[in-house]
Structure formats: structure tokens, C-alpha cells
Number of protein chains: 2
Amino acid sequence: MIRLLLADDQALVRGAIASLLDLEDDLEVVAQVGRGDEVLAAARASKADVALLDVEMPGLDGIGAARQLKAELPSCRALIVTTFGRPGYVRLALEAGASGFVVKDTPSSQLADAVRRVAAGQRVVDPALAAESLAAGPSPLSTRETDVLIAVRQGNSSGEVASQLHLSEGTVRNHLSSAIGKTGARNASEAARIAAENGWLLA
Amino acid sequence: MIRLLLADDQALVRGAIASLLDLEDDLEVVAQVGRGDEVLAAARASKADVALLDVEMPGLDGIGAARQLKAELPSCRALIVTTFGRPGYVRLALEAGASGFVVKDTPSSQLADAVRRVAAGQRVVDPALAAESLAAGPSPLSTRETDVLIAVRQGNSSGEVASQLHLSEGTVRNHLSSAIGKTGARNASEAARIAAENGWLLA
DNA sequence: ACTTGCCCGTGACAAATGTCATGCCCACAT
DNA sequence: ATGTGGGCATGACATTTGTCACGGGCAAGT
């Protein structure tokens with residue numbers, strides 16, 4: 001019997017997936033949480049074998065939760081289940097020690113199989129997504145460019161970013177300009193959006 | 001026996017909700033589609049009593065699908081089930097003839113009840129969401145401001161918007177400025193984002 | 001040691017974006 | 001008919017944002 005932990009901030013989706021997986025004879029949902037920072041404790045308490053983690057969660061994102069599990073409770077394997085197949089996310093997830101990555105577009109019938117494969121110690125990654133992730137490569141952004149984009153993404157103007165990072169406005173704009181070029185964006189906010197979508201602003 | 005149609009572009013979520021609702025003795029999922037523009041035909045073919053519609057779908061959004069149903073197949077009631085409780089969406093959904101509005105945050109146990117109430121001819125709207133929607137009021141944006149924001153949202157610069165709408169650049173920037181004031185945003189792209197989140201750019 | 005390449009930082013300049021005062025037109029109330 | 005208010009449109013002006021050429025530091029390869 002495979003013991004499952006479900007983590008997703010949308011209660012309805014979480015409950016629905018639970019009922020889907022409970023139909024399987026060899027699977028058992030033993031815990032459900034709605035926040036990333038509750039995953040570790042719940043996994044420990046429930047002795048889960050596999051944790052299904054959504055990426056978008058309050059408190060801590062699914063990738064971070066997977067990292068915690070890998071470090072603190074390696075007996076519990078992490079399977080990331082997310083809405084968007086952002087290329088960079090796959091890379092980050094695997095680096096964080098996740099055992100698998102599934103997008104919510106996949107047929108529901110395949111989820112149980114993915115869980116079984118992960119429980120058996122295999123890696124599970126959507127092949128198309130894996131290829132895309134490989135092609136996209138790691139973040140092309142330098143450290144400063146990443147810093148600046150993160151700050152811009154919070155909604156700060158370049159002046160504010162400058163004082164937050166103790167830089168001159170010109171420097172900030174320079175990094176932004178460079179980031180705009182690298183992302184193919186047309187302005188700073190678009191660059192921040194693109195970088196975020198590729199997972200370049202998480203680590 | 002209540003006959004259900006499920007429309008959601010995420011196959012996994014769709015399947016999971018199907019298995020959740022199939023557990024109920026008086027509910028039966030008779031059709032599933034992944035695109036908004038397939039809803040009407042599927043509802044007709046399957047003689048569905050209630051359609052569960054996600055808002056974000058390719059082809060046609062859930063609100064549009066609800067409008068089609070209301071016009072062409074009024075015997076099938078629409079229940080919108082969506083990720084975000086954008087205030088304006090509730091208003092739009094009800095104006096489009098939907099019978100209910102549920103966010104994916106609600107406990108999964110309540111979904112079946114919502115379906116039953118809708119099937120019985122009642123309206124179902126999350127109370128907190130309804131209040132927020134009422135408080136937010138209708139769109140404060142004028143026609144031109146809406147046009148301009150929609151164009152900006154596609155990723156056009158103000159110059160491009162100007163030529164698309166046959167206006168001078170100054171005029172476009174003027175409408176934008178006004179929209180920025182009304183939305184409380186700090187620049188054009190933020191204004192577009194806020195307006196979209198409130199459902200002000202759909203109708 | 002020297003070159004090469006990259007990241008970082010800066011200021012000057014150019015282009016875009018946002019704000020303002022102003023006028024036109026239309027609907028509505030006086 | 002006559003104000004009055006709002007949406008629409010415009011150009012001038014101020015501010016913000018993006019681009020460029022330049023120089024310093026640092027690590028890797030020669």
C-alpha cells in the first residue's frame with residue numbers, strides 16, 4: 001500500500017485528486033495540506049511514501065517543499081504536480097531532489113501510474129517537457145540582473161530598486177536593459193514576467 | 001439523477017472532479033470537454049442538466065460558454081467553477097446567465113451540494129465573493145480607456161496602440177493616464193493587469 | 001605576466017511614458 | 001436656450017525608462 005500526501009492550495013482540486021487516487025486499490029491518501037510550509041510536518045506525522053506537491057502554494061512553494069523533504073525526510077519522495085510546464089521549473093524541481101514532474105494537462109488516468117513509478121524509485125518527467133527544459137537551458141541572467149528583476153517584479157520603480165540595492169539608478173537601468181535583451185522582452189516588466197515564467201527568479 | 005457536463009482545460013483536474021462527483025449517488029458525469037467552444041454541442045448531445053465551467057479555457061472562456069448555453073439551451077444551467085474569485089467575474093457570470101459561481105478554494109465536500117442547488121433552480125454564489133463583487137461595483141473605465149488597456153495588454157506600445165485605434169499618441173497616453181488613476185496603478189502595464197483581474201476588460 | 005572575457009558599476013544621451021491645461025461635442029438638467 | 005458635466009481628443013511639458021560607450025576588477029586560459 002502506497003501512502004500519499006497531497007499538497008495543493010485549492011481545496012476543491014485537492015479533494016478531487018484525493019477521491020481520484022483513493023479509487024486505486026494500492027493507493028491511500030493519508031494527509032492533505034494547503035500550504036507548502038506544512039508539508040514536512042505532515043509527511044513526517046503521516047509516514048507518507050510519496051508527496052504530491054503543487055508548485056503554487058502559500059508559505060513555501062512546492063519546489064522548496066521538495067527540497068525540505070529531500071533533506072529532512074528522504075524516505076518520502078516528492079512528485080511535483082503543477083499547472084504550468086514552465087521549462088525552468090523542471091530543472092529546479094529535479095535539482096531540489098524531486099522524483100517527478102507532472103503537469104495538470106495530463107490525463108487523469110496517468111496520475112496513479114506516475115505515483116506508482118515514483119514510489120518504486122523511478123523518475124517521472126513528461127518527455128516533451130523534459131526536452132523543452134533541456135533546450136531552454138539554465139538561467140542566462142547574471143546575479144545582479146536577477147536581483148533587479150526580482151525587485152521590479154514586486155512592483156518597484158527603477159529608482160526604488162536602486163536605493164534598495166544601494167546602486168545608482170543608471171546601474172539598475174543598465175542591468176534591466178541587459179535583462180531585456182536576454183529575455184527578448186520589450187520593457188522591464190515584460191522581462192520580469194518572462195524570467196519568472198521560466199523559473200529564473202526562484203533560485 | 002442529475003446529468004453533469006464538465007468543462008476544464010486541465011485534464012487532470014477535470015478527471016479528478018469527475019471522480020469526486022461520481023461518488024455521489026444522485027450525480028452522473030455524462031460529458032467532459034477541454035475547450036469552451038465545445039461546451040454547447042456537448043451539452044446538447046449529452047442532455048446535461050448542469051454544466052460545470054472553468055473560466056480559463058481555450059477557444060471560449062467559461063463566461064462566454066455560459067452565455068451560449070443561456071441563449072441556445074436554457075434547460076442546461078451553468079455553474080462557474082474557477083481558480084480566482086476576481087470580483088468582476090461574478091458580476092459578468094451572472095449577467096451572462098450563469099446560475100452559480102464557486103471558487104476552487106472551497107472544500108470539495110461542498111461542490112456536490114452546489115450542483116444540487118443549481119439543478120434545483122437556485123442561485124449559488126460564495127457569500128464573501130458576492131459581497132466583494134458588489135462592493136467593487138461595475139467597471140469605472142470609459143469605453144476608450146477599456147479599448148486602450150486591452151490593446152496594451154496584448155503587449156503593444158502606446159505608439160502601436162495609437163495607430164491601431166487611429167488616435168494620436170498623446171490621446172492614447174491621456175486615456176492611459178486616466179486609467180492609471182482610476183485603477184490606482186503606477187504604470188500602464190500594471191493598470192492593464194489590475195483591470196483584467198477585475199474582469200473589466202472582458203465586456 | 002599577459003590577454004581575454006565577463007560581470008559590475010557609472011554617467012550622458014535618446015526614446016518612451018505619464019501629466020497637465022485646453023477645447024470640442026454631446027446628453028442632460030435647469 | 002442655456003448651463004453643466006463627462007467623455008473624447010490634442011499638443012506641450014516633465015518624468016521615467018532604455019541604450020550606449022566607457023572603465024575597473026576578477027578569474028581562466030595561454
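Lettering of chains follows the sequences in order, A, B, ..., and the numbering in each one begins at 1.
A donor-acceptor contact shorter than 3.5 Å links the side chain of A:Glu190 to the backbone of A:Arg186. Here the side chain of B:Arg44 pairs no donor or acceptor atom with the backbone of B:Leu73 at under 3.5 angstrom.
Rounded to whole angstrom, the span from the CD atom of A:Glu190 across to the C1' atom of D:dT17 amounts to 15 Å. Protein atom CD of B:Glu160 is 14 Å distant from nucleotide atom C1' of C:dT17, rounded to whole Å. Atom CG of B:Leu176 is separated from atom C1' of D:dT16 by 15 Å (rounded to the nearest Å). In this structure, B:Asn156 atom CG and C:dA16 atom P are separated by 14 Å, rounded to whole Å.
At the phosphate of C:dT10, OP1 or OP2 sits under 4.0 Å from a side-chain N or O atom of A:Thr171. Phosphate proximity of C:dG9 to A:Ser168: absent, as no side-chain N or O sits under 4.0 Å from OP1 or OP2. Within the structure, every side-chain polar atom (N or O) of A:Ser142 is placed at least 4.0 Å from both OP1 and OP2 of C:dC7. For C:dC8, the OP1/OP2 oxygens have a side-chain nitrogen or oxygen of A:Thr143 closer than 4.0 Å.
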- Item | Stepwise salt bridge (Lys or Arg N to Asp or Glu O under 4.0 Å) check, B:Asp54 with B:Arg14 | CA-CA 10 Å; B:Asp54 192 2; B:Arg14 198 169 68 230; over 6 Å; no
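A donor N or O paired with an acceptor N or O is not found under 3.5 Å between the base of D:dT19 and the side-chain atoms of A:Asn174. Side chain B:Arg144 to base D:dG7: no donor-acceptor pair is found below 3.5 Å.
Here C:dT17 is the nucleotide among D:dG7, D:dG18, C:dT17 with the atom lying nearest to any side-chain atom of B:Ser157. Proximity note for B:His175 (side chain, C-beta onward) versus D:dA9, C:dA12, C:dC8: the nearest is D:dA9. Listed nucleotides C:dT17, C:dC13, C:dG18 differ in distance to A:Arg173; the shortest reach to its side chain belongs to C:dC13.
If you check every strand for non-hydrogen atoms under 4.0 Å, B:Ser158 touches sugar and phosphate atoms only.
With A:Leu92 as reference, A:Ile63 is the one residue of A:Ile63, A:Ile80, A:Val55 to meet the side-chain contact (heavy atoms from CB on, under 4.5 Å) rule.
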